[in-house]
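For ligands, and for the atoms within them, numbers begin at 1 and follow the listed sequence.
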Amino acid sequence: MLTFHIITLFPESLTSYIGESILSRAQEKKLIKIKVYNPRDFAEVVGTPEYPRLKVDGRPYSGGPGMVLLPGPILRAVGKARGKTKTGKWKTIIFSPGGTVFTNAYAKNIIDKKITDIIMICGRYEGIDARVKKILKAEEVSIGEYVLTGGELPAMVAMDSISRQIKGVLGKFESLEENRISSHEVYTRPEIFEYQKKKYKVPAVLLSGDHKKIEEWKRRG
Ligand code: ADE
């Protein structure tokens with residue numbers, strides 16, 4: 001069983017995707033577990049008695065716009081995730097656009113190494129106080145060379161990609177298409193699809209019943 005511990009200020013942004021289809025089935029089958037922790041629940045109360053507020057961010061020492069997430073609430077959330085037991089093989093990831101680029105190989109490696117728990121820390125605003133990375137010996141991971149508004153989508157992308165590498169998560173059909181990246185076009189009914197007065201046909205080879213030729217067509221992709 002692989003447990004994902006997601007640290008996010010916006011837990012609700014994850015719920016609909018996690019609750020759907022394959023990731024939901026994988027949880028039911030007890031192949032994965034997803035736990036979500038909000039640093040806000042571990043924040044200190046500041047302000048006045050009349051207007052108390054939970055402090056999760058602060059202005060950067062370097063100046064400039066934007067706010068930086070405080071180390072305390074995040075580290076306390078991670079502490080809760082880790083619990084009393086330190087058993088198992090843990091990995092801690094901080095999502096950030098400047099990190100190591102996430103790939104299929106990265107996902108496979110997590111399964112091959114028999115990691116049991118992954119802590120995924122989602123950043124927001126200008127980033128997370130750099131001491132969090134040092135203290136947790138975390139790895140910074142990016143899902144591509146573009147900047148998103150937070151780490152929640154990257155966490156879901158990585159969780160989806162890692163989960164599908166676990167035996168039993170995908171159905172028989174889906175698991176056969178590991179080569180999808182380099183793979184072929186696919187077609188279904190009807191044989192001739194008409195769109196705006198033009199006819200679009202399924203390639204003849206696919207209707208030929210000649211399996212050898214079909215395999216060759218797929219390989220050429
Ligand atoms: N946070 C903002 N942009 C990101 C990206 N591309 N990958 C990971 N985390 C991010």
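Ranking the protein heavy atoms by distance from atom 1 (N) of ligand 1 puts P97 CD, 3.6 Å first. Of the protein's non-hydrogen atoms, I143 N, 3.0 Å is the one closest to atom 7 (N) of ligand 1.
Side chains of E152 and S13: no donor on one and acceptor on the other come within 3.5 Å. Inspection of the R53 and T48 side chains reveals no N or O donor paired with an N or O acceptor under 3.5 Å.
Close approach of ligand 1 to V147 is summarised as follows: ligand atoms under 4.0 Å from at least one heavy atom of the residue are 3 (N). Each of the following atoms of ligand 1 lies closer than 4.0 Å to a heavy atom of V141: 8 (C). Less than 4.0 angstrom separates some heavy atom of Y146 from each of these atoms of ligand 1: 3 (N), 5 (C), 6 (N). Taking every non-hydrogen atom of G144 and a distance limit under 4.0 Å, the qualifying atoms of ligand 1 come out as 6 (N).
Considering all non-hydrogen atoms of both residues, I128 and G123 come closest at CD1-CA, 3.8 Å. Nearest approach of V56 to A43, heavy atoms of both residues: CG1-CB, 3.9 Å.
Among the atoms of L148, some N or O lies under 3.5 angstrom from an N or O of ligand 1.
Ligand 1 is approached by G150 to a heavy-atom distance shorter than 4.0 Å. Ligand 1 has S96 within reach: a non-hydrogen atom of the residue lies less than 4.0 Å from it. Within the 4.0 Å heavy-atom cutoff, T149 does not count among the residues contacting ligand 1.
Contact check on K91 versus E139 returns a salt bridge, with a Lys/Arg side-chain nitrogen under 4.0 Å from an Asp/Glu carboxylate oxygen. In summary, K212 and E216 do not engage in a salt bridge, as defined by a charged side-chain N under 4.0 Å from a carboxylate O.
The number of heavy-atom neighbours closer than 6.0 Å to NZ of K201, taken from other residues, nucleotides and ligands shown, is 12 or below. In this structure, E194 places its CD atom where more than 12 heavy-atom neighbours from other residues, nucleotides or ligands lie under 6.0 Å away.
At a heavy-atom cutoff of 4.0 Å, ligand 1 is contacted by both the backbone and the side chain of S142.
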